[in-house]
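Sequence lines set the chain letters: A, B, ... in the order given, protein chains first and strands last, and positions in each chain run from 1. Remember, predicted model here, so these are calculated numbers, not experimental data.
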Amino acid sequence: MTRRIHSILAALAGLGLLSTLATHSARADVFTILASEDVAPYSFLPSLPRYNNPTAYAFRGADEGAGSIHNFETFLWFDVAATDLPAGHVLTNAQLLVTHAFDAGGFGDPSTAPAELNCHEITEDWDQTTVTWNNRPSYDPAFDQITGITGFGSILCDATLVVFDWIHGTHPNDGFALTNTTERVLGMHTLEADATIPDSVKANLILTTALPEPGFGLGLATCGLFLAAAKPKDTLRIGEQA
Amino acid sequence: MRLTSTALLAIACGICAFAASDARAEDPRILRAETIEVLDERVRPAEVYQDVPVETEVLTADDLRQLPAINLIEALDNIPGLVIQGRVQGQRGAVRIDGLPPEYTELLVNGQRYAGENGEAVDLGDLLFADVERVEILRGPQALRVSSRAAGGVINLVTRKPPTDGWALNVLAGGGDHDRRALEASAAYGTEKLSGSLIIDHNGEGGFDNPFPGSTDPRDGLPTSFGEGSTYRTTDVYTTLFGNPSDEVEIRARFGYRLRDEGFAINNGPITSRREDERFLANLESDWQATDDILLYSRLTFSHNTTDTSVGRPFVFEDDYERLEFGTELFAELWGSSHIISLGADLVSNGIELTEGAIPTSIDNPSLMPQTLEQRTYQAGIFLVAESEITDWFSLEGGLRFEMRDGFTPELLPQAAVLLTPLRWGDGRSIKLRLSGGRAARYPSLRELYQPDAPQNGGSYFLAGNSDLEQETVWAVRGSIEINPVSWLSGTVSGFYSETENRIRSRFQGREIQVGTTTLPADPALCPVFPDRCTDQILPTLRSVFEADNIDSLQIRGIEARLEFRPYKWLELQVGYTWLETALKDSNVAADELPNNPRHIVSGKLVLSAPQRYGSELTLRGGWRDRALIENSGTGLVSFVTDARSRDSFDVDMRLRQPLEQWIGVEVDLFVDGGNLSDNRVVDSNQIRGRSFFAGIQGRFN
């Protein structure tokens, strides 16, 4: 319950801040960052690093016939820092864009139930070349959840507060984790995907910045600190109850 | 074309055979030692290994009759140093000796390959187990003559030789729960010049129940893909002919047919997929004792196996194998020492024909068609082997094999084994030291080399061969001390170490196959940022291809200890302990040891016999296995290794045997087997049958 209150407060504060910025900014810029690292470890091959694989998935499934468990999670990292923002700009919005581009047979009977994508902030350092299912990094409870996914297309998670923390150094930038507790297979292209796959359907971070009016910088920093302090720090691993 | 080449080989062998001229009762190249002799009426000696440099253990027909076993997997269960895994997918009995993967254990019947895909691990359950005279277990590298890949050892089943003076009949019939049944009959007839036997062996059994239904704890093991509703049936027909046209010549011909039919069901449901293996085997051997000191011999083997399966994906696979071996053995006495020098050569041809089934309906790519494959490979080897008994306390066996296979670097495979007997106090009382070592090579199977892209799991990924593979190579050494302070007590401690390079396994190497397309709808919200998202996009759906590659290196070391205790005729006790450690190197997985590899194994066997006038015999056999890393597929592959360990396990089997001969005058036994009496459900990633019972009758008539 406490965690939920913190989340609501943080969201309200963030919205207030962003709306204030939107009305007082002199100019807004939008730019995208392609993921620098992506990997989707697989529970059935739990010791295998899959960083060079062109596909990423998020789902939980079971093959009833063989009794095998087929779980995938996806881990992303974006090279984002305050120095990447245009001079004098402040972050006003950050959206994590992933594209559900395919599903998969073979992981048990395909599920037609709507999927839900949970976007989490990763809480420890990791390296895509060594991440396996067994040693995958821990992550916070989802900061955003997209439900009712029934077809291919774009999925956006609001990552504004998370990225805000990163660029202000409140939290280290350890990237995002994507999970899906349903059996509907969410398949995504990775950085290693075939050359015919455009970057726009790979994982991207869409950042919106603004050049604030004088005096708003101090307000932004204050709000940022408030949000960072209000945010719960507990970490959550798969299988644990929030 | 294949039949033509086979016919030529047969003619060549025939010429060799009829040019030959001496008789030898058995193939001496598999085992030079005599079977253990009974020294007195009261007890048989406890000595485990034969008096030869290579550690050679022999299970005689009498030994086998004591065991709760109606197949070879059960017969060799809980023998110290042998690790047998019943894989959830694949071999029902994958045998590891000295910890090496099962591809390095060569399984033979009468010295010849009997079943299994060439180049792959053989299933112990596929060997004939009827009318058995003995089973020989040779530990340590045996790459000189038997097989270049036999780095772990060899298991050779020898069927009973037909009589030379009349009839012999052997029958076994029995049944039990789990739909188990066995029916075996053999008839043999012979004279001094000509003899022969016919064996018919049929076995059947049902599937396995789920060890722990509903459990998601990895320590509870994997549910089997061979569920309760599954069926497994085998039928073997095996014929042997022995001809002795003169005192110097023996000709042996064997023909075999085997049908294995499996139906796979999920739990107790209907059978959803089938696999059928049909194999024909012919083997012609001849020995000619040209002079008192020179033996010439030839061996010709032909086999053809057809697999028709719908398990995983539908395909038909044909695998044929032809092997011609010929050579000479020179017996020599020099300065009080005796020697056998063998010089031989072998030629092997192996061909496959693969016809893949229909492309899964989930794949929408007209350019993908069911593929066919036809490949053949040739291999030639020459070997020189010296077996010398220098003194009565020092003997050795050593040699060199040079092997060539088309497309591969030639291999030079040295091997040596030494036996020292520094102390001997008479029959059955001695201290023996053995040391053996050698190099072995396993060439990839033709499917590992040339398997065309094959969709798996409905097309979620593809498997493919790789023609650039190199052979796997192994250096292995083994040393032991055997102490027999009295004839009824024997203790042995052995140590072994091996290094394996270039282990073959599949991995993703960047190649993908399109299995369809995906239409991504236009996204107006993204249009300002990504102009290509302003309209619908049609993207290829790609699936990864996992290709065979030389990935892993392995280091294996271990210790085997066993104690045999036979103080009275009514009591025999065997206790064994095996410590096994594996180190996985240079792998693409984050694991540092092999899965399904318990570090500590304790095994034991107790045989209690009632007095002669009753003849009853009770055998209890069991084992404890330490926890081991689990792998997720039940295939034994490192690819699926987890960081979870199984629970430890304890299983006990028993056989109660009652001979009826003293009452009815013919050699007939009744027996009742109890399998897995402890109802152990968890052994690594194995499939194991729960508690089961089997009752049968066995008779032999001369």
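- Looking only at heavy-atom pairs under 4.5 Å with chain B, the residue among G151(A), S43(A), S47(A) that has the most is S47(A).
- A donor-acceptor contact shorter than 3.5 Å links the side chain of E631(B) to the backbone of G636(B).
- Using a 4.5 Å cut-off between heavy atoms, T519(B) contacts chain A through its backbone alone, with no side-chain atom that close.
- In this structure, the portion of H189(A) lying under 4.5 Å from any heavy atom of chain B is its side chain and not its backbone.
- Chosen from N53(A), T196(A), V30(A), the residue pairing most often with chain B at heavy-atom distances under 4.5 Å is N53(A).
- Side-chain atoms of R533(B) come within 3.5 Å of backbone N or O of S200(A) as a donor-acceptor pair.
- Remark: side-chain polar atoms of N180(A) are paired, donor with acceptor, to backbone N or O of A58(A) under 3.5 angstrom.
- No other option in I206(A), D194(A), V201(A) has as many heavy-atom pairs under 4.5 Å with chain B as V201(A).
- Per-residue heavy-atom pair counts under 4.5 Å with chain B were compared for S154(A), G153(A), P49(A), and the maximum is reached by S154(A).
- Among R507(B), Q509(B), E512(B), the residue with the largest count of heavy-atom pairs under 4.5 Å with chain A is E512(B).
- D103(A) places no side-chain N or O within 3.5 Å of a backbone atom of V185(A) that could act as its donor or acceptor partner.
- Using a 4.5 Å cut-off between heavy atoms, Q537(B) contacts chain A through its side chain alone, with no backbone atom that close.
- For T541(B), the part sitting under 4.5 Å from any heavy atom of chain A is the side chain, from C-beta outward, and nothing else.
- Ring-plane geometry between F226(B) and Y232(B) is classed as perpendicular, the angle between the planes exceeding 60 degrees on a 0 to 90 degree scale with a lower cut at 30.
- Both the backbone and the side chain of S639(B) come within contact range of chain A, judged by heavy atoms closer than 4.5 Å.
- Interface remark: of the candidates T130(A), T99(A), T55(A), T99(A) forms the most heavy-atom pairs closer than 4.5 Å to chain B.
- Judged by a 6.0 Å distance limit and a 45° cone about the ring axis, R689(B) is positioned over the six-membered ring of F208(B).
- Ranked by heavy-atom pairs under 4.5 Å with chain A, the first of T518(B), T517(B), T272(B), L526(B) is T518(B).
- For V641(B), the parts lying under 4.5 angstrom from a heavy atom of chain A are both the backbone and the side chain.
- The backbone N or O of T224(B) sits nowhere less than 3.5 Å from a side-chain atom of Q687(B) that would complete a donor-acceptor pair.
- With a threshold of 4.5 angstrom between heavy atoms, D532(B) approaches chain A through side-chain atoms but not through N, CA, C or O.
- With chain B as the partner, the residue from D199(A), N204(A), L156(A) showing the most heavy-atom pairs under 4.5 Å is N204(A).
- The aromatic rings of F75(A) and Y139(A) lie tilted to each other, with the angle between the two planes from 30° to 60°.
- Ring geometry for F59(A) against Y57(A) counts as perpendicular: the plane angle is over 60°, on a 0 to 90° scale with 30° as the lower cut.
- In this structure, D38(A) contributes its side chain and L191(A) its backbone to a donor-acceptor pair below 3.5 Å.
- In terms of heavy-atom pairs under 4.5 angstrom with chain A, the leader among A591(B), A644(B), P540(B) is P540(B).
- Judged by distance alone, with hydrogens and angles left aside, the side-chain atoms of D127(A) form a donor-acceptor pair with the main-chain N or O of T129(A) at under 3.5 Å.
- Ranked by non-hydrogen atom pairs under 4.5 Å with chain A, the options I363(B), L542(B), N588(B) are led by N588(B).
- Contact annotation for D523(B): only side-chain heavy atoms (C-beta onward) come within less than 4.5 Å of a heavy atom of chain A.
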